[in-house]
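Data first, discussion second: the structure below is written as structure tokens.
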Number of protein chains: 2
Amino acid sequence: MSPAESIPPCDLLSIGAAARASGVKVPTIRFYEEAGLLPPLPRTDGNRRLYDTAQVQRLAFIRHARELGFDLDAIRALLQLQGHPDQSCAEVDAIARARLTEVRRRIAALKALEAELDLMVRACDHGRIGDCRVIETLADHTHCRFHTETDERPAPPPHAPQTRPPQATPKRRAPR
Amino acid sequence: MSPAESIPPCDLLSIGAAARASGVKVPTIRFYEEAGLLPPLPRTDGNRRLYDTAQVQRLAFIRHARELGFDLDAIRALLQLQGHPDQSCAEVDAIARARLTEVRRRIAALKALEAELDLMVRACDHGRIGDCRVIETLADHTHCRFHTETDERPAPPPHAPQTRPPQATPKRRAPR
DNA sequence: CTAAATCCTCTAGTGACTAGAGGAGCAAGC
DNA sequence: GCTTGCTCCTCTAGTCACTAGAGGATTTAG
């Protein structure tokens, strides 16, 4: 079909192929581009994005960094630094250390949480709600000996899709 | 001023006073009301909300539950159950246990994260970015021995206001 | 040629708030 | 009565990192 001198663009992938190769979902790739984590991409005549190996690696980098909980600002900085191999890696180190500190802080907070929840649950004698220690503990903050700030949030995992039933929002409004 | 038979509404608080008493911020109280965590509230002639001791206690309950990371759906359920003291507390127990399980899951995930970040940071010899293990580890997922799902997210704490500089969104758009 | 798959852009939704605009009520001091 | 300053009201929009879906264009396979 094609002679040897033709250059097949065999390393240029569509967004779907790039998604499969990098493990980042298609809409997320577009979102990252919009957020400035990817450089402006070449397009086909039909306006479709094209990804080379470098972009796919960049996406994998982003994905791994996200799995480690770096936020997009930090990832932007890391990507920028990655482009300057001769600079000192002090900044890289600082970003990673900051993240590590944050993770340790959160572990400590969650352990305090765990302890309090565990106490609560253990104290429950499975009787009437009126006597329930769980409710009582929640109602009266002074019962609890742990006073940590938690910044805890039940968050959807970035890599576990977690099917959720489409619940109707019951937002009541005051009638007027 | 007022004779003994007049009934001063001394236990009816304004939203600001309720906020100070419960530790929940004013806009958050209004948000909770809109979200259906508080019953419809009486108002003054001037349309201002009035809170009695029961409502303040309810707010403190919500606050403590939020500090323990219960989401608003769980809190709605707990508040509902709290209103039926003669029922079995099995459901309360289940909600608290589910939360405990989730917290433990997140602690485990964060510990795996911590280990990987720690390895990364330790491996960095503070030289050139080109040789930086942190960047390298991020770029190549196969380097890492920890493969946990993290559902981790750098989240703003509900009780630590965390002043953030008002950054301009740099959202670039493709020129066309 | 058609049908299916993939792609495009754009808008809106998630959770649990937070920030701010623009206006109204209310108590104290003059 | 009037002003000042505080608190309150409603409403909209923003946060973060996506996700879902509409409505249409393009590409590929049969």
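Here is the naming used below: chain letters follow the sequence lines, and residue numbers restart at 1 for every chain.
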Separation of atom [atom1] in [X] from atom [atom2] in [N], rounded to whole Å:
X	N	atom1	atom2	answer
B/Phe70	C/dC17	CZ	C1'	19 Å
A/Leu41	C/dT9	CG	P	11 Å
B/Ile29	D/dC9	CD1	C1'	14 Å
A/Glu67	D/dC18	CD	C1'	15 Å
A/Asp45	D/dA25	CG	C1'	14 Å
A/Leu72	D/dC16	CG	P	9 Å
B/Asn47	D/dT7	CG	P	19 Å
B/Phe31	D/dC9	CZ	P	17 Å

Is the phosphate of [N] approached by [X] (side-chain N or O, under 4.0 Å from OP1 or OP2)?
X	N	result
B/Thr28	C/dT18	yes
A/Arg49	C/dT9	yes
B/Lys25	C/dC17	no
B/Ser14	D/dC8	yes
B/Tyr32	C/dA16	no
B/Arg43	D/dT10	yes
A/Arg66	D/dC18	yes
B/Thr44	C/dG25	no
B/Arg76	C/dG15	no

Confirm from the modelled atom types if A/Arg48 and D/dT26 form a donor-acceptor pair under 3.5 Å, side chain to base only.
yes

Return yes if a side-chain donor-acceptor contact under 3.5 Å exists between B/His64 and A/Glu116, otherwise no.
yes

To the nearest 0.5 Å, atom SG of B/Cys89 lies from atom CZ of A/Arg128 at 10.0 Å

Looking at B/Arg76 and B/Ala35, would you say the former's side chain and the latter's main chain have a donor-acceptor pair under 3.5 Å?
yes

Whether B/Arg58 side chain and B/Leu37 backbone form a donor-acceptor pair below 3.5 Å:
yes

Which comes earlier along DNA chain C counting from the 5' end, the contact point of A/Val26 or that of B/Pro27, where each point is its nearest nucleotide?
A/Val26

Considering residues, nucleotides and ligands other than B/Glu114, do more than 12 of their heavy atoms fall under 6.0 Å from its CD?
yes

